[in-house]
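In what follows, chains carry the letters A, B, and so on, assigned in the order in which the sequence lines appear, proteins first and then strands, with residues in each chain numbered from 1.
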2 protein chains.
Amino acid sequence: MGRAKEKAESLSKDRLRLWLRLLKLTSGIEADLRRNLREAHDTTLPRFDVMAALARHPEGLRMSELSSYLRVSNGNVTGIVDRLTEEGLALRMAVPGDRRAQTARLTARGREVFDRLAADHEGWIDAALGALGAAEIATMARLAKRAQSREDGNEHP
Amino acid sequence: MGRAKEKAESLSKDRLRLWLRLLKLTSGIEADLRRNLREAHDTTLPRFDVMAALARHPEGLRMSELSSYLRVSNGNVTGIVDRLTEEGLALRMAVPGDRRAQTARLTARGREVFDRLAADHEGWIDAALGALGAAEIATMARLAKRAQSREDGNEHP
DNA sequence: CTTGAATATTTCAAGCTTGAAATAAAAGCG
DNA sequence: CGCTTTTATTTCAAGCTTGAAATATTCAAG
């Protein structure tokens with residue numbers, strides 16, 4: 001076998017090992033987040049994600065905007081917004097001029113609840129990545145961004 | 001506000017941004033894997049994960065070993081092994097001397113199917129992380145490992 | 001041996017997730 | 001205007017996931 005081919009195969013194995021390590025890292029942190037959200041606030045990560053998206057868009061988001069923003073299916077956000085609405089944390093509003101569409105927003109109480117969640121969330125992430133200093137964070141962010149450049153295809157054409 | 005506090009807060013925000021980027025990267029790759037597994041092999045990522053664990057342990061794994069290896073709940077692996085068994089890819093064997101326990105194994109067909117899955121899987125990961133060269137892979141793996149050191153607490157005491 | 005604690009696994013309800021089908025409304029077009 | 005196509009959302013079945021409860025078995029004392 002030629003040297004070039006050997007090199008390519010070893011690189012492929014190294015990428016696989018890196019993938020498994022990245023997956024372990026993010027899955028572990030995500031599991032911590034889920035547990036913390038449940039134990040400290042009796043809520044879930046998907047609910048948090050939807051609330052975070054709505055908090056960033058106080059003018060409201062259409063259901064379809066929400067699903068593409070979070071990269072989950074339409075049917076998925078329907079269910080989560082349903083539950084947030086039942087709990088009084090979100091609401092749906094009609095879109096003037098388009099009776100098919102709805103925008104989802106946080107209620108005032110939803111906003112208050114989210115602010116508390118977000119503060120804890122930042123602290124949990126800070127703890128989870130606490131072993132990394134400023135330079136390491138910058139390096140890892142740069143490499144993750146570079147990896148994305150191929151992964152996404154072309155999100156920002 | 002003191003300089004030290006400002007620095008800590010900015011570091012915390014940077015960790016949060018890094019977390020969001022890592023999550024986007026791994027979620028994106030995972031979504032690709034799920035789609036590829038479904039379209040090319042009509043299977044799912046959890047089934048693949050269980051098969052991979054069993055493939056690495058030809059002697060078989062107890063249900064509880066499988067669940068701690070994969071870091072998912074006991075009830076979860078019960079269901080997945082049930083489905084793999086229905087499909088003829090895995091089987092359960094009694095453990096001599098302990099009638100509570102069972103070991104799960106791949107069948108011969110399960111092994112064949114897995115070998116094909118694994119080859120494609122490696123190719124998909126190679127493509128997904130293809131933007132990273134050998135040095136970048138090594139750097140990222142090192143940083144992920146360092147981040148883990150805090151995350152895990154003490155897995156290897 | 002018998003009783004009670006510990007261990008291995010399954011069952012279960014609830015929620016998340018998806019892709020596909022169903023509904024409903026808007027837009028384009030002849 | 002009617003008719004088709006596109007767009008926005010919901011509904012649905014199937015599978016994944018969890019934590020807690022239920023079963024079954026082993027182990028440890030007495």
Counting the atoms with a prime plus P, OP1 and OP2 as sugar-phosphate, which does [X] contact under 4.0 Å by heavy atoms, base, sugar-phosphate, or nothing?
X	result
B:Arg92	sugar-phosphate
B:Ser64	sugar-phosphate
A:Arg62	sugar-phosphate

Could you tell me the separation between the [atom1] atom of [X] and the [atom2] atom of [N], rounded to a whole number of Å?
X	N	atom1	atom2	result
A:Leu84	C:dG15	CG	C1'	12 Å
A:Arg99	D:dT7	CZ	C1'	15 Å
B:Asn74	C:dC12	CG	C1'	14 Å
B:Leu33	C:dT17	CG	C1'	16 Å
B:Leu61	C:dA8	CG	C1'	15 Å
A:Arg34	C:dA14	CZ	C1'	14 Å

In this structure, CG of A:Leu23 is separated from CD1 of B:Ile29 (nearest 0.5 Å) by 9.0 Å
Is the closest basic N to carboxylate O distance between [X] and [Y] below 4.0 Å?
X	Y	value
B:Glu87	B:Arg109	no
A:Arg116	A:Asp120	no
B:Asp42	B:Arg47	no

Is the shortest side-chain N/O distance from [X] to OP1 or OP2 of [N] below 4.0 Å?
X	N	result
B:Thr78	C:dT11	no
B:Asn76	D:dT18	yes
B:Arg83	D:dG15	no
B:Arg47	D:dC16	yes

Tightest non-hydrogen contact, residues B:Leu89 and B:Val113, listed as CD2-CG2, 3.9 Å
Ignoring hydrogens and angles, answer whether the base of D:dT7 and the side-chain atoms of A:Arg100 contain a donor-acceptor pair closer than 3.5 Å.
-> yes
With DNA chain D as reference, determine whether A:Asp82 or A:Ala101 sits nearer its 5' end, using the nearest nucleotide of each.
-> A:Ala101
Which comes earlier along DNA chain D counting from the 5' end, the contact point of A:Asp98 or that of A:Gly75, where each point is its nearest nucleotide?
-> A:Asp98
What nucleotide among C:dT18, D:dT9, C:dA8 has an atom nearest to a side-chain atom of A:Met63?
-> D:dT9
Listed nucleotide nearest any side-chain atom of A:Ile80, set C:dT17, D:dC16, C:dT10 = C:dT17
